[in-house]
Colleague: 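Structure incoming, see below.
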Amino acid sequence: MEKQLYIQNSLTREKELFTPISAPNVGMYVCGPTVYSDVHLGNVRTFLSFDIIFRYLKFIGYKVRYVRNITDVGHLVGEGDEGEDKIARKAKLDNIEPMEVVQKYTNGFRGVMRLFNIQDPSIEPSATGHIIEQIEMIEEIIKNGFAYESNGSVYFDVKKYNSTHDYGTLSGRNIEDLISNTRELDGQSEKRDSLDFALWKRADPHHLMRWNSPWSIGFPGWHLECSVMSTKYLGETFDIHGGGMDLKFPHHECEIAQNIGAGGKSPVNYWIHGNMLTVNGRKMAKSEGNGFTPEELVTGNHKLLEKGYSPMTVRFFMLQSHYGSTLDFSNEALQAAEKGYKKLVNALKTVTSLHPSDENEVNAEELQAKCYAAMNDDFNTPILIAHLFEGVKIINSVYDGSAKIDDKNLTLLNKVMNLFSHEVLGFVKETSNSNGHVIEGLMELVIDLRKQSREDKNWGVSDKIRDQLAQLNIKINDSKEESTWNHEE
RNA sequence: GGUCUCGUGGCCGAGCGGUUAGGCAGUGGUCUGCAAAACCAUCUACACCAGUUCGAAUCUGGUCGAGACCUCCA
């Protein structure tokens, strides 16, 4: 039952039963960042979506090889194939080596991934590390007649390809529409047709990133690296390819064409596209000036932010929507997520202190089944979270005595809540540092003293303790029998 | 202009033919020395107009509105 996983496949536009090529192995490729600037929250959402997919596939027993590339060359700024390389441009601007740019923002990217508890992929290859393989693939494509050389550059011949294959199936375009919608070439272009895209670009002598090739000293086109690296590490046909919605066309479309042009095989069985994070209904993007970095988010130091939010609050916020839908950012929504997440975390703590009784009114098995069902339905995290809140309600009801649970159900409830919260949704467990024991002891003492003063009806003292602790973000929860505390970040 | 997606209650956001989504906020209770938390109950919905159906937020057509892609973007 756990493995009846359905995935919304962008290629067929249908929800399909997931059947890997060679179970229990699964190959998954996700387009990673171009490391020329800081990632913003919109980027984080995409990688978080695939983090969930990666985690859940493993959770239900698959052995996943997850490849996520680092683009460190070939991604051009601005107009089509005529722009400047993003990395090289940044290097010139900052007057440093291109590889310093790459290193800096790769480090930054990994730091952000860690901050949000997004797991590392199995392989994180970079484009510059695969120049030879890229040249080899270009040679294959030329040999098959789908690419041509022009003035030291090599272009993919889209029209030629389309005469024997369909170009545009993934993004639902047909080539006639594309032709009628593109601008005329200015006559200076090396390309035969405006739809053609670069596989190799000849570099000017002043260009900072250059490699030898049979055609010229130059650099590879952006789309090529993904075709090459996915093939190298996952094979000519593999299970899942993911990326942001905005990469569907032209990037993913070109990938498919390149793979088929080189090896003759359609590369991917399941295409998965994550949707955009929006701000006031508009896509978060650097050009809109509405993107903020994770650092700004945590500190709240941005004009769109009323306050700072913890990474796990943001994670919770994002997972409350489905990866395939746009998600609109707002302070109100973040604050709601903050409270909701806190409620979940508290319940996860409470469940460990519950006492079973002989009677039982809880069906933990059913809850478990519902959690699996939610995730099996195209990784529906908002539904999963809704079910976890059913669990929260149960936990709190048992805690305050209005429901009863037996040992068997309590054990399972605890397990389900923890596994789905931490392993599937990836919420970080509260870590106790080395002073944990000391703090536990101290708090026990403080709470005991407060209890004394309350019994003596010495409200001044008990309230003072509570208020002062509150200033340290330590919150006291009084219930009938006992008082508990927790430290909020 | 072309292709596509979406319009759900105060906010975010699931559902996609018949059942309470869920979280946050609001209201009324219970508990409490007070507060918070928690529990119980409860109020706000499916852009608009037609059609299909015993029955539509969910299907079809139209209207209006928003967005994405078509150029780099997660």
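Every chain is numbered from 1, with letters handed out A, B, ... down the list of sequences.
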Colleague: Using purine N1 to pyrimidine N3 plus N6-O4 or O6-N4 for Watson-Crick, or N1-O2 and O6-N3 for G-U wobble, both under 3.5 Å, which nucleotide pairs with B:G33?
Modeller: none
Colleague: A:Ala336 has a side chain; which of B:C24, B:C11, B:A21 sits nearest to it?
Modeller: B:C24
Colleague: Please tell me which of the listed nucleotides, B:G23, B:A38, B:C70, lies nearest to the side chain of A:Arg173?
Modeller: B:C70
Colleague: Would you compute the distance between atom CD1 of A:Ile256 and atom NE2 of A:His223 and round it to the nearest 0.5 angstrom?
Modeller: 12.5 Å
Colleague: Tell me the partner of B:U63, counting only Watson-Crick (N1-N3 plus N6-O4 or O6-N4) or G-U wobble (N1-O2 and O6-N3) with both under 3.5 Å; none if nothing fits.
Modeller: B:A47
Colleague: Below 4.0 angstrom from OP1 or OP2 of B:A35, is there any side-chain N or O of A:Asn477?
Modeller: no
Colleague: B:C46 and B:G9: how far apart are their C1' atoms, nearest whole angstrom?
Modeller: 8 Å
Colleague: Choose from B:A38, B:A14, B:G22 the nucleotide whose nearest atom is closest to any side-chain atom of A:Ser325.
Modeller: B:A14
Colleague: In whole angstrom, give me the gap between the P atoms of B:A21 and B:A41.
Modeller: 15 Å
Colleague: Let's see if you can work this out: which of B:C34, B:A68, B:A25 has an atom nearest to the side-chain heavy atoms of A:Arg282?
Modeller: B:A68
Colleague: Distance check, C1' atoms only: B:A47 and B:C64, in whole angstrom units.
Modeller: 8 Å
Colleague: How close or far is atom P of B:C12 from atom CG of A:Leu277, stated in whole angstroms?
Modeller: 13 Å
Colleague: Inspect the surroundings of NZ in A:Lys451 and state if more than 12 heavy atoms from other residues, nucleotides or ligands are less than 6.0 Å away.
Modeller: no
Colleague: Could you grab the distance from atom CD1 of A:Ile118 to atom CZ of A:Phe50, nearest 0.5 Å is fine?
Modeller: 12.0 Å
Colleague: Evaluate whether the aromatic ring of A:Trp459 and the six-membered ring of the B:G33 base sit under 5.5 Å apart, centre to centre, with an inclination under 30°.
Modeller: yes
Colleague: Please determine, for the side chain of A:Asp328, which listed nucleotide (B:C72, B:C12, B:A21) has the closest atom?
Modeller: B:C12
Colleague: Would you kindly check whether a donor in the side chain of A:Arg466 faces an acceptor in the base of B:C34, or vice versa, at under 3.5 angstrom?
Modeller: yes
Colleague: For B:A74 and A:Lys283 - does any side-chain N or O of the residue sit under 4.0 Å from the phosphate oxygens OP1/OP2?
Modeller: no
Colleague: Ignoring backbone atoms, test whether A:Lys343 places a side-chain nitrogen or oxygen under 4.0 Å from the OP1 or OP2 oxygen of B:G22.
Modeller: no
Colleague: Does the A:Asp85 side chain pair with the main chain of A:Ile87, one donor and one acceptor, at a distance under 3.5 Å?
Modeller: yes
Colleague: Using purine N1 to pyrimidine N3 plus N6-O4 or O6-N4 for Watson-Crick, or N1-O2 and O6-N3 for G-U wobble, both under 3.5 Å, which nucleotide pairs with B:A41?
Modeller: B:U27
Colleague: Which one is paired to B:G1, where only Watson-Crick or G-U wobble pairs with both distances under 3.5 angstrom count?
Modeller: B:C70
Colleague: Both distances below 3.5 Å, Watson-Crick or wobble geometry, any strand: find the nucleotide opposite B:G9.
Modeller: none
Colleague: The side chain of A:Arg454 is closest to which nucleotide in this list: B:C69, B:A74, B:C34?
Modeller: B:C34
Colleague: B:G61 and B:U53: how far apart are their C1' atoms, nearest whole angstrom?
Modeller: 16 Å
Colleague: Compare side-chain N and O positions of A:Ser171 against OP1 and OP2 of B:C70 and report whether any pair is under 4.0 Å apart.
Modeller: no
Colleague: Between B:C54 and B:C59, how far apart are the two C1' atoms, rounded to whole Å?
Modeller: 16 Å
Colleague: Taking the minimum atom-to-atom distance to the side chain of A:Lys339, which one of B:A35, B:A25, B:C40 wins?
Modeller: B:A25
Colleague: Out of A:His273, A:Lys248, A:Glu253, A:His251, which one pairs with A:Ser171 under the side chain to side chain donor-acceptor pair (under 3.5 Å) rule?
Modeller: A:Glu253
Colleague: On a whole-Å scale, what distance lies between the C1' atoms belonging to B:C48 and B:C6?
Modeller: 16 Å
Colleague: Please pick, from B:G22, B:C34, B:G13, the nucleotide with the shortest atom-to-atom distance to any side-chain atom of A:Asp478.
Modeller: B:C34
Colleague: Please compare A:Asp463 and A:Phe317 by the position of their nearest nucleotide in RNA chain B and report the one closer to 5'.
Modeller: A:Phe317
Colleague: Here's a test of your reading of the structure: between A:Phe47 and A:Lys393, which maps to the more 5' nucleotide of RNA chain B?
Modeller: A:Lys393
Colleague: In whole angstrom, give me the gap between the P atoms of B:A57 and B:G7.
Modeller: 14 Å
Colleague: Keeping the roles fixed (side chain from A:Asp239, backbone from A:Met28), state whether a donor-acceptor pair exists under 3.5 Å.
Modeller: no
Colleague: B:C54 pairs with which nucleotide, Watson-Crick or G-U wobble, both distances below 3.5 Å?
Modeller: B:G18
Colleague: So which nucleotide from B:C39, B:G33, B:A74 ends up closest to the side chain of A:Arg450?
Modeller: B:G33
Colleague: So what does A:Lys248 touch, heavy atoms closer than 4.0 Å: a base, only the sugar-phosphate, or nothing?
Modeller: nothing
Colleague: Inspect the surroundings of CD in A:Glu295 and state if more than 12 heavy atoms from other residues, nucleotides or ligands are less than 6.0 Å away.
Modeller: no
Colleague: State, with a plain yes or no, whether a side-chain heavy atom of A:Asn275 is found less than 4.5 Å away from one of A:Arg45.
Modeller: yes
Colleague: Can you tell me which nucleotide in B:C70, B:U3, B:A38 comes closest to the side chain of A:Pro250?
Modeller: B:C70
Colleague: Using the P atom as the point on both nucleotides, what is the distance between B:C24 and B:G67, in whole Å?
Modeller: 31 Å
